[in-house]
Amino acid sequence: MATQSIQPYHEAYLSLMKGLRELKLPDGPVPCDLLLTGDQAFPLAMNSQGQVLMAASLYGRGRIVVLGHEGYLTPFPALVENALTWLRGDGSDNMSVAVHKHVRAVADNLSDSSFQVQVVEAFSNNLGIGVYVTDAYSVGEDPKDLVAFLKAGGGVLIGGQAWNWAAYHPKENLLLNFTGNKVSGVAGIYFSDIYGKVENLPVYPQIPSSWNTLKVGRDFQGDLEFLLKEISDQELQTKEGLVASEILVHGPLAFPIGNTEDGRAFLAGAYYGKGRVVVISHEVLLKIEKMAPFWNNAIRWLDEGRTGDVGVVPELDKTFNLFKKSGFNCAKTKFREDLSVFVCTAYSDEHVEEIQDFVAEGGGLLIGGHAWWWAQTHQGQNAMTDFPGNKILNKMGLSLLGSTVEEGSYKAPVPSQATNTNHLCHLLRRVASDVFEGEKLSKFEEEGLKKLGSDCVSYLQIKADDWYSYTLVVSTLIDILKFAMPQVNKNNPVKNPIDHLLLRLGTEVYKVCPDPDALLPYLIKDIPQMPVVNNQKIRVNANTAEGQEWLSTGLYLSPGMRTHIIIPAEITNKGWKIQIGCQTDFLKADELKRAPYVIEQFRITSERMQVWNLWGGLIYLVAPPNTQVNGVKVMVEKAVSAPYYKSGETTAADWSLLRTAPAPWAELEFENIIITVPSDFVRGLDRPDKLAAHWDAIMRGIADLAAIPHKFPRKERIVIDVQISAGWMHSGYPIMGHTPTAADLVNVDIAKTKDLWGPIHELGHNQQTSCWEFRPHTTECTNNLWSVYVHEEVLGINSAQAHSFMTLPKRKKRTEEYVRGGRNLNNWYTWVALETYMQLQERFGWDAFKKVFAAYHQMSNFPNDNKGKMNLYAETFSQTVGMNLCGFLKSWSWPIEESTEEKLSNLPPWTDHPMVQYD
């Protein structure tokens with residue numbers, strides 16, 4: 001059994017278990033397993049199966065200790081005295097204790113103590129006591145006074161079990177109707193109908209924790225039957241054009257009600273204390289007429305038969321009218337404690353604690369809203385903790401995520417078939433049982449592991465180190481990772497679904513782990529020791545346009561290595577970031593050769609920042625768009641030197657030393673491009689200046705064809721990795737490529753004998769512009785204009801030698817097949833489409849393309865549809881070359897309009913174009 005230190009409650013635990021080494025449970029009483037929820041409850045005693053048999057919690061200003069059987073109130077006098085001392089509160093001098101007559105033996109045990117003990121018939125506000133001791137059956141049917149006593153600062157010691165009550169009340173709601181839960185439930189501790197295993201319980205030096213304690217605390221079939229009564233398949237839906245948030249269902253008493261086909265919740269419910277909550281992930285859905293039957297059920301479920309007032313916040317006017325029309329006692333109002341059900345949006349954090357107490361003490365909450373827009377407009381903030389709705393909902397076991405659920409109609413679940421198998425608590429426990437005990441997951445559970453990964457990543461962002469429920473998840477993940485973290489690399493790829501999960505979670509758990517240095521050797525077992533350099537000063541110059549820009553430092557952090565970076569005030573809190581790592585692709589492949597995501601970014605919010613990355617990586621400063629700084633100095637206190645060459649700055653003497661620098665990643669920064677490769681590829685690079693000239697020529701060629709200045713507004717980047725997210729290479733910032741490409745990029749001799757079609761193809765993608773792109777036809781076509789141009793005009797390599805698809809026989813064959821196929825524009829894409837452009841190039845030359853691209857730079861208000869864009873291109877190219885190209889383009893089945901032909905009728909037609917032979 002693992003133990004997990006929970007700092008806010010650690011002292012409380014030590015006080016409660018003071019002097020105890022073991023609790024020998026008597027054979028007679030059969031306890032129940034206690035269910036813990038919320039943010040305040042924590043276990044005191046736990047058996048080998050992870051069942052909680054004793055627990056404590058706080059509520060309001062008061063405290064409560066719960067024992068899983070009333071018979072445990074007497075065999076452990078030292079525990080009871082510890083409990084009474086803790087329960088009366090810090091600094092309280094009230095030694096008066098009232099003991100219910102049904103547990104009179106407790107009073108007898110305390111006869112020699114310093115407590116002033118009285119035996120009473122029932123709890124009363126007039127007792128003037130600090131602590132009340134009772135069994136779970138004697139608190140009364142409506143113990144409001146006792147709950148108020150607890151909330152105001154009183155202490156309650158209560159023992160009991162609920163399995164016997166459940167046997168005699170099979171159709172009643174145990175959570176809400178069992179008398180003991182009417183008191184302990186408000187503090188997040190519930191008596192259950194599950195038998196607890198009796199054994200000798202060790203007293204741990206810290207709060208006990210076990211993956212077996214992860215559980216879903218209820219079968220929600222009855223709740224779903226009530227909520228979905230007379231609901232058809234099409235009545236759980238999101239409105240057309242509406243984008244809702246996904247709901248994370250993570251509490252043991254939370255459950256999904258409406259899911260998308262891939263299992264993401266947009267409608268969910270939960271028990272919290274003595275009350276209930278229903279969440280819909282867009283407030284507009286609260287007013288939809290087709291959803292009215294469900295809302296009627298939901299309000300009745302939340303109201304619990306009280307037929308009380310339903311308060312609706314004023315901004316939900318149409319919701320108020322809909323509910324009023326359904327016959328509920330509605331009032332337009334802000335939050336009031338006298339309501340039965342409160343209906344609100346998720347966009348206000350007023351009355352957070354009052355609303356939580358309202359639900360805990362029996363109220364109903366219906367809340368609607370989405371978090372995705374807030375997340376997009378509050379960059380740098382944590383939606384899980386800072387979004388107003390989540391400040392209310394997190395403790396209730398529900399959270400609104402920044403991820404979205406698109407509009408649609410979704411089938412209502414069949415209550416009898418609904419299971420908890422994809423619930424975070426259940427599935428994480430099943431993963432633990434697979435890892436530790438070899439209990440294999442079902443196929444259905446394996447399919448849920450991807451969602452479990454994203455759910456855990458979201459949940460860990462709550463960062464609630466003071467919640468037992470949170471630290472239980474963290475400690476479970478830590479134990480799993482220590483036991484089973486895969487050591488992935490190109491020679492040891494990962495295919496197992498659980499290994500996939502662990503690779504994804506390793507990064508996130510490392511961030512929130514209480515002792516990351518102790519965890520690191522389990523996550524990455526072989527970390528090479530490399531010499532470090534200290535207090536490295538970096539001069540920062542930046543002049544960014546519309547996009548952010550990475551600025552290289554020539555420094556590297558080893559996996560898990562931490563350093564401080566000293567930042568000048570000029571770039572603090574100005575949108576700048578520190579980035580560790582350059583491999584930005586998120587991998588989703590079935591076979592992984594590295595972890596799915598291996599970079600970290602830190603927003604620069606102070607003048608001294610500590611940074612790290614579990615996976616290590618090169619250090620960058622990331623400049624925000626539209627930023628200009630010159631000569632700003634940054635200092636990195638400790639790092640590893642990397643092979644780094646920068647044109648115009650790095651001398652031959654410098655490079656002779658730098659190319660042997662120990663970091664595993666190297667960077668070559670030229671006039672308009674920065675190439676990042678494994679360091680082994682540059683160790684033998686004697687003349688980086690020759691390579692610089694080679695790439696400078698290529699990049700100027702790219703600029704020439706694009707009709708842009710030779711100096712790029714932002715240098716392109718190419719990063720090589722063992723595995724990337726798509727293709728052999730793909731475009732972007734950075735362009736990503738597989739490891740074998742590295743030699744082609746950094747060896748001039750290879751470049752002269754081997755084509756660079758792939759890299760230039762991706763650089764061409766980065767030049768493509770929507771106004772002259774006809775997706776999907778030209779997505780993989782027009783970028784190849786740069787491949788052809790650079791090879792022929794810069795590298796002196798004929799396109800037929802640069803790519804096998806560019807030989808004349810293959811070009812001719814593609815054209816003939818297109819004609820024989822009826823010149824169907826649906827077949828005009830990629831290589832076939834490129835032939836159209838090559839025919840234009842062979843007749844009018846590259847200058848025509850340069851002039852066309854230059855003309856587009858001067859335009860605005862472009863068409864959005866392909867037909868409009870193709871007609872604009874026909875007009876622009878024709879005007880540029882002084883010849884009517886409509887007939888030629890129509891021969892390729894371009895949708896040329898009469899109006900375009902009229903505009904170009906004054907130009908001589910191109911009558912001898914290459915497609916004439918096929919007419």
Would you please test I498 and L441 for side chain to side chain contact (heavy atoms under 4.5 Å, CB included) and show each step? CA-CA 10 Å; I498 289 183; L441 277 67; 4.0 Å; yes

Kindly determine whether V488 and D499 satisfy side chain to side chain contact (heavy atoms under 4.5 Å, CB included), including the steps that lead there. CA-CA 9 Å; V488 63; D499 287 346; over 6 Å; no

Checking I129 against F123 for the side chain to side chain contact (heavy atoms under 4.5 Å, CB included) test, could you report, in this order, the C-alpha distance in whole Å, the side-chain angles of both residues, the deciding distance, and whether it holds? CA-CA 10 Å; I129 57 175; F123 176 80; 4.3 Å; yes

Which is it for I194 and L35 under the side chain to side chain contact (heavy atoms under 4.5 Å, CB included) test, yes or no, and what are the steps along the way? CA-CA 10 Å; I194 299 173; L35 176 67; over 6 Å; no

Using the rule given for ring-ring contact (aromatic ring centres under 6.0 Å, His included), can you reason through Y132 versus F149, listing the C-alpha separation, both sets of side-chain angles and the distance that settles it, and then say yes or no? CA-CA 9 Å; Y132 182 64; F149 165 76; 7.4 Å; no

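In the model, N164 has no side-chain atom that pairs as donor or acceptor with a side-chain atom of Y137 under 3.5 Å. Inspection of the E81 and S113 side chains reveals no N or O donor paired with an N or O acceptor under 3.5 Å.
For the pair S184 (side chain) and I189 (backbone), a donor-acceptor distance under 3.5 Å is present. Judged by distance alone, with hydrogens and angles left aside, the side-chain atoms of H500 form a donor-acceptor pair with the main-chain N or O of D590 at under 3.5 Å. The backbone N or O of Y204 sits less than 3.5 Å from a side-chain atom of Y13, completing a donor-acceptor pair. No donor-acceptor pair under 3.5 Å is formed between the side chain of R430 and the backbone N or O of E445. Side-chain atoms of K182 never come within 3.5 Å of backbone atoms of K274 as a donor-acceptor pair (strictly under, hydrogens ignored). Looking at R504, its side chain never comes within 3.5 Å of a backbone N or O of G506 through a donor-acceptor pair. Under the 3.5 Å distance criterion, the side-chain polar atoms of Q487 are matched with a main-chain donor or acceptor of L523. A distance-only check finds a donor-acceptor pair linking the side chain of Q356 to the backbone of I392 [under 3.5 Å]. In this structure, D39 contributes its side chain and K395 its backbone to no donor-acceptor pair below 3.5 Å. Side-chain atoms of T179 come within 3.5 Å of backbone atoms of A136 as a donor-acceptor pair (strictly under, hydrogens ignored).
Atom CZ of F436 and atom CG of N212 lie 10.0 Å apart (nearest 0.5 Å). Here the CZ-NE2 distance, from R104 to H102, works out to 9.5 Å after rounding to the nearest 0.5 Å.
M46 is listed as a side-chain neighbour of T213, based on a closest heavy-atom distance under 4.5 Å. Between I527 and L520, some side-chain heavy-atom pair lies under the 4.5 Å cut-off. Annotation: side chain of D33 is in contact with side chain of K215 (closest heavy-atom distance under 4.5 Å). Between N390 and I462, every side-chain heavy-atom pair lies at or beyond the 4.5 Å cut-off. Counting heavy atoms from C-beta on, the side chains of R264 and S403 never come closer than 4.5 Å. Residues Y72 and P26 have side chains in contact (heavy-atom distance under 4.5 Å, counting atoms from C-beta outward). Taking the side chain as every heavy atom from C-beta outward, F255 and L227 approach each other to under 4.5 Å. Between L176 and Y190, the closest side-chain pair of non-hydrogen atoms is not below 4.5 Å.
Between C425 and L214, the shortest heavy-atom contact is O-CB, 3.8 Å. V131 and R88 make their closest contact through CG2-N, 3.7 Å (heavy atoms, listed as atom of the first residue, atom of the second, distance).
In this pair, W165 and H169 present their aromatic rings parallel. The plane angle is below 30°, not in the 30 to 60° band.
Open room surrounds CG on D27; 12 or fewer heavy atoms of other groups in view lie less than 6.0 Å from it.
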Under 3.5 Å, sequence neighbours excluded: what are the donor-acceptor pairs made by side chains of residues 50-68?
| unit_1 | atom_1 | unit_2 | atom_2 | d |
| --- | --- | --- | --- | --- |
| Q51 | OE1 | N47 | ND2 | 2.8 |
| Q51 | OE1 | K197 | N | 2.8 |
| Q51 | NE2 | Y195 | O | 2.9 |
| S57 | OG | A41 | N | 3.4 |
| S57 | OG | A187 | O | 2.6 |
| Y59 | OH | E361 | OE2 | 2.5 |
| R61 | NH1 | A152 | O | 3.3 |
| R61 | NH2 | A152 | O | 3.0 |
| R63 | NH1 | W86 | O | 2.7 |
| R63 | NH2 | D90 | OD2 | 3.0 |

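When each of V474, V473, D479 is paired with L477, the side chain to side chain contact (heavy atoms under 4.5 Å, CB included) condition holds for V473 and for no other. Put simply, the residue from L248, V279, I247 that forms a side chain to side chain contact (heavy atoms under 4.5 Å, CB included) with L393 is V279.
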